[in-house]
Amino acid sequence: MATEAVTKAKKEKSVKQKKDKKDKKEKKVKKEEAVAAAKPEEEQNKEKKKKKDKKRKAATQDDDARSSKKQAVADGIQYLRTFHSDRSAWKFKKNSQVWCLHHMYDENVMEDADFDIMLAYMKDMKGQARTITLREAQEKIPPAPTDVDQDIFDAEAALNAVPPSAGAVAEQQQEQDGDTPVIKRARAVVKVLADH
């Protein structure tokens, strides 16, 4: 009987251990399922947070870009004004020169008074900066209309019809009256750079 009781107790203990193991496994599986179910929520929250952070960062970068553009405008204009008003304090700055050359055709960025200073600045330019600036200005000016499309062109009659000095002045004035601000500025640049 004692052996039967021991055997019975061992069986019960073994069954209980198996049941405990099974319960532990079930708890573990349930816990893993809960974690897996919660993970997408956590991932969604992380994604939302990342999107918010990106928006904040983009807004900050936009503000920084706007403020840096304003600063670049102020620096470029100040560079020209210092060149004009206080040469002893003025220092050559390649970045400022490039900025000025890039933006000199834009009336919204560089006012007419500052453009006049820019023209004076360009008189002293040398080398490739001068050559490239002249070429770019010439490219902005549209070619003069010609009578090439006519079947018969009488050059002699055309020359005799208009006195040279009055014709050249009238033609130039007519071209300039219809010019956009960019073309007018390009003509001024060509005049300054081609004369020297």
Side-chain angles (χ1 to χ4, degrees), residues 57-196:
K57 195 173 186 178
T60 304
Q61 287 175 345
D62 287 346
D63 292 344
D64 291 346
R66 277 191 222 111
S67 65
S68 67
K69 284 181 183 178
K70 287 180 182 177
Q71 186 62 41
V73 169
D75 289 347
I77 299 300
Q78 186 59 43
Y79 176 76
L80 283 177
R81 290 178 180 167
T82 304
F83 171 82
H84 178 67
S85 63
D86 190 7
R87 283 272 178 102
S88 61
W90 176 81
K91 285 173 120 179
F92 174 76
K93 296 177 187 173
K94 183 71 172 178
N95 289 340
S96 295
Q97 178 181 353
V98 168
W99 183 90
C100 289
L101 291 172
H102 257 165
H103 294 88
M104 70 180 169
Y105 297 107
D106 188 351
E107 284 185 319
N108 297 324
V109 176
M110 189 178 288
E111 296 174 2
D112 289 337
D114 295 322
F115 181 72
D116 291 341
I117 297 170
M118 185 68 193
L119 292 173
Y121 175 85
M122 285 190 285
K123 286 180 184 177
D124 296 334
M125 278 186 5
K126 295 180 172 51
Q128 267 199 311
R130 183 183 189 91
T131 307
I132 291 170
T133 303
L134 177 59
R135 185 182 70 235
E136 288 174 352
Q138 288 169 334
E139 289 171 358
K140 290 185 184 300
I141 300 170
T146 60
D147 294 330
V148 174
D149 295 335
Q150 294 179 356
D151 291 336
I152 303 172
F153 177 70
D154 188 0
E156 217 175 298
L159 287 173
N160 291 334
V162 179
S165 61
V169 170
E171 183 181 323
Q172 226 177 12
Q173 188 62 39
Q174 187 180 14
E175 285 177 2
Q176 291 178 357
D177 287 344
D179 286 348
T180 65
V182 171
I183 295 172
K184 287 179 182 178
R185 287 187 173 195
R187 287 187 196 284
V189 169
V190 168
K191 184 176 179 186
V192 166
L193 296 179
D195 288 347
H196 288 81

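The shown structure was predicted, so the numbers you read here are calculated from the model rather than taken from an experiment.
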* Structure fact -> From the list Val189, Asp179, Ile141, side-chain contact (heavy atoms from CB on, under 4.5 Å) partner of Lys184 resolves to Asp179

Report, one line per pair, each donor and acceptor closer than 3.5 Å where one atom sits in a side chain of residues 99-108; sequence neighbours left out.
residue, atom, partner, partner atom, Å
Trp99, NE1, His103, ND1, 3.2
His103, ND1, Trp99, O, 2.9
Asp106, OD1, Asn108, N, 3.0

* What's the shortest heavy-atom distance between Met125 and Thr133, and which atoms? -> CE-OG1, 3.5 Å

* Aromatic ring pairing Trp90/Tyr79, orientation class (parallel under 30°, perpendicular over 60°, tilted between) -> tilted

* **CE on Met118 to CD on Glu111, rounded to 0.5 Å** => 15.5 Å

* Sort and list the pairs that fulfil salt bridge (Lys or Arg N to Asp or Glu O under 4.0 Å) and have at least one residue in residues 112-122, not counting sequence neighbours. => Arg81-Asp114, Asp112-Arg185

* Asked: With a 4.5 Å heavy-atom cut-off, do Leu134 and Arg130 have their side chains touching?
  -> no

* **Minimal non-hydrogen separation, Phe92 against Tyr121, with atom names** => CE1-OH, 3.7 Å

* **Between CD1 on residue Ile77 and OG1 on residue Thr82, distance to nearest 0.5 Å** => 11.0 Å

* Is Gln128 atom CD crowded by more than 12 heavy atoms from other residues, nucleotides or ligands, each under 6.0 Å away? -> no

